[in-house]
Amino acid sequence: MNLVNLESVSHAYGPKPLLHDVSLGVAVGDRIGVVGRNGGGKTTLISVIAGALKPHGGRVTHNRGLRVGVLSQGDDLDPDRSVEEAVLGDRAEHEWAGDQGIREILGSLLGDIDLTSKARSLSGGERRRTALARLLIDEHELIILDEPTNHLDIEAIDWLARHLSARRSALLVVTHDRWFLDAVATRTWEVVDGGVERYEGGYAAYVLAKAERARIAAATEERRQNLMRKEIAWLRRGPPARTSKPKFRIDAAQALIADEPPPRDNVELVKFASARLGKTVYDLDDVTLHAGGPGQGPLVLDHCTWQFGPGDRIGLIGVNGSGKSSVLRLLADTVGPDTGKVVRGKTVRLAHLSQELAELDPGRRVLEAVEEIRKFIKVGKREWTASQLLERLGFRGDEQWKVIGDLSGGERRRLQLLRLLMDDPNVLLLDEPTNDLDIETLNELEDLLDGWPGTLIVVSHDRYFLERVADRSVALLGDGRLSLLPGGVDEYLSRRAAGTAVTARVAGAPATAAETAPASVGMSTAGMSTKEERELRKDLGRFERRLDRLGEREAKLHASMADAAADYSRLAGLDAELKEILAEKETVEAEWLDLAERLGE
């Protein structure tokens, strides 16, 4: 049974038709993700479905008495009401405090917000979470969400996906977060050229189905086909949790990627990066760092020793407020450590994309703003013009001649990123680079970064983007350390779940004894001294580098043995060498595991 029906709906802003003769329905139990380019009509479509916008043509029908909950990109919070009043309304305290579902929503979304504070005192992200909590507490037959993951960290996004999956409401969600789409959606709508293309499954299934249609029609130009095949190859080879089984035949799509190389040639990229950077990029030696300056604000790093090497591609993970941006600012030399030393390589050429938009001359044209940095740049083995890169990141045709003062926030973000890339850096620090980018632009950015040789450290709440562009994950878990996560985001979430209980607390509630206990001074993991822990961590890093080198030698020997398949004498020698490497690798792994257990990792 359909909850909402659209019949021949059309809508336009000026001469541009965003929806043209669209007919579709939202049924009971539907879980639909809406994708498309920025400005392509996604928000218009969900506004029409919600009944907030009357279309210029066609008819929209709601079931009688339909309860619709909508999270728009703005909010209507009363500035004079408290957060508790805005979210819980007139509910008595005993009523909501005794409801486990409400307590879970408050704890997961508003755990760090004083419920007695006025709405006027909230930041933009806090207002967003407050509006989301208010919507989720009520019961609806249809929930419509426009970019619900904005301002949420990875942990909160994971909780929201599980919460929405457990609800009985129909769901319609616009988001550029592709992991979130795969987690909550069973169908995908793509708003394109005034129409709505429909696909079964979440983002992974949508990508596969779109490639299958393109293959059958043979109507997509060669560059776009290559990009799509590359995206599919990564999706199919990624962690199992990211690839839900689509509900259509994928034999043709599998044939499409059968001989597809991996997205990145890591060995080649590291070789290029080492040539550009040398051996040293960043060495943190016994660094202590507070977020607000020496001794001020939350502790981010506590006597931390760490190395970032040439060609490293690292995703930095942590809850909001854990200090991820502070670490990037430390590496960018815009803040200094409280104590300790940061050694930067002499050849480091840095580009830092912060969350603040750089000031640009509002009277200049987009292409002029890029060409004043550089007119050509070489990415990997290919040379690109400024105009070609602008087109890849969404500035097509006449859009390259738009005045900067007329650009939206998302367009300014893309322009800022492109100007940084055109300066030919060999170290990239990216702080939430996916903000305001649509999925198509994200695909292009990921493909561009695949061929970029250098050291990349990225902070993002977009789990898909992190897993796509980074080879390793490192977390700030609130203990003053940088913790390597071999299991990536999944390991981070499991460690957080095991060691952190998130609860909502109204201001004035007493803290527990555990929360008020003083931190130990001069001691670290398992009661060992800070100095002992630092030495163990150095040894751990040394063993990890040995394992990396042995892994590279093992891969080369396998390749050489394949080439020497008909030369039995040479094959025997290579086999003996391989056995020696495997034995050494086993010994090093055992030593590494022993150190890791002593450190509690």
Side-chain angles (χ1 to χ4, degrees), residues 1-74 76 131-132 135-136 138-149 164-165 167-178 180-182 184-203 205-207 209-210 213 246-248 438-440:
M1 180 181 72
N2 278 359
L3 301 173
V4 182
N5 284 302
L6 273 62
E7 300 176 48
S8 302
V9 165
S10 297
H11 196 83
Y13 286 104
K16 182 179 180 180
L18 294 179
L19 302 175
H20 178 66
D21 201 26
V22 171
S23 296
L24 47 79
V26 180
V28 174
D30 274 352
R31 314 183 69 78
I32 302 167
V34 182
V35 301
R37 292 190 61 83
N38 287 343
K42 302 188 298 294
T43 298
T44 299
L45 175 65
I46 64 172
S47 297
V48 168
I49 291 174
L53 177 66
K54 185 176 180 180
H56 295 154
R59 185 171 65 169
V60 181
T61 307
H62 283 201
N63 273 7
R64 181 173 297 178
L66 179 66
R67 292 170 295 169
V68 181
V70 179
L71 179 75
S72 62
Q73 294 196 39
D76 58 353
L132 179 57
L135 183 147
L136 295 180
D138 289 329
E139 290 296 326
H140 306 281
E141 294 166 282
L142 172 60
I143 293 177
I144 299 177
L145 306 176
D146 196 352
E147 297 293 358
T149 63
L164 291 173
S165 296
R167 292 182 76 115
R168 300 177 64 182
S169 313
L171 175 67
L172 191 65
V173 57
V174 172
T175 180
H176 69 269
D177 189 318
R178 293 156 291 176
F180 186 74
L181 273 177
D182 258 347
V184 303
T186 57
R187 298 170 63 194
T188 301
W189 289 352
E190 182 184 22
V191 184
V192 56
D193 296 331
V196 178
E197 298 286 344
R198 281 157 278 190
Y199 302 85
E200 290 296 318
Y203 178 72
Y206 153 72
V207 172
K210 192 170 182 179
R213 291 185 184 187
K247 298 178 181 178
F248 55 89
D438 57 43
I439 287 177
E440 188 172 341

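At least one side-chain heavy atom of L181 sits under 4.5 Å from a side-chain heavy atom of I439. Residues L164 and R31 have side chains in contact (heavy-atom distance under 4.5 Å, counting atoms from C-beta outward). I49 places none of its side-chain heavy atoms less than 4.5 Å from the side chain of V60. At least one side-chain heavy atom of L135 sits under 4.5 Å from a side-chain heavy atom of L145. You'll find the side chain of N63 reaches within 4.5 Å of the side chain of M1, heavy atoms only.
Here the straight-line distance linking atom NE2 of H176 with atom CZ of R37 works out to 14.5 Å at 0.5 Å rounding. Put simply, CG on D30 and CG on L24 are 10.5 Å apart, with the number rounded to the nearest 0.5 Å. Here the straight-line distance linking atom OG1 of T61 with atom CG of L6 works out to 8.5 Å at 0.5 Å rounding. Taking CZ from F180 and CD from E147, the interatomic distance works out to 10.0 Å, rounded to the nearest 0.5 Å. Rounding to the nearest 0.5 angstrom, the gap separating the CD1 atom in I143 from the CZ atom in R67 is 10.5 Å.
For D21, the CG atom sits in a packed shell: over 12 heavy atoms of surrounding residues, nucleotides or ligands are nearer than 6.0 Å. The environment of NE2 in H20 is sparse: at most 12 heavy-atom neighbours from other residues, nucleotides or ligands sit within 6.0 Å.
Smallest separation of non-hydrogen atoms from L136 and R167: O-NH1, 2.7 Å. For the pair E141 and L66, the tightest heavy-atom approach, listed with the atom from each and the gap, is OE1-CA, 3.5 Å. When all heavy atoms of V70 and A50 are compared, the pair lying nearest together is CG2-CB, 3.8 Å. Nearest heavy atoms, P148 versus T175: CD-CB, 4.4 Å. Closest approach of A205 to E200, counting heavy atoms only: CB-O, 3.3 Å. Taking every heavy atom of both residues into account, S23 and S8 meet most closely at OG-N, 2.8 Å.
Checking side-chain atoms of D438 against main-chain N and O of N38 turns up a donor-acceptor pair under 3.5 Å. In this structure a side-chain-to-backbone donor-acceptor pair under 3.5 Å is missing from T188 to G33. Counting only distance, with no hydrogens or angles, the side chain of H140 and the backbone of A170 share no donor-acceptor pair below 3.5 Å.
Each of V184, T149, D182 was compared with D177 under the side chain to side chain contact (heavy atoms under 4.5 Å, CB included) criterion, and only T149 meets it. Between K42 and the choices L18, D146, V174, the side chain to side chain contact (heavy atoms under 4.5 Å, CB included) rule is met once, by V174.
The aromatic rings of Y206 and Y199 lie perpendicular to each other, with more than 60° between the two planes, well past the 30° mark.
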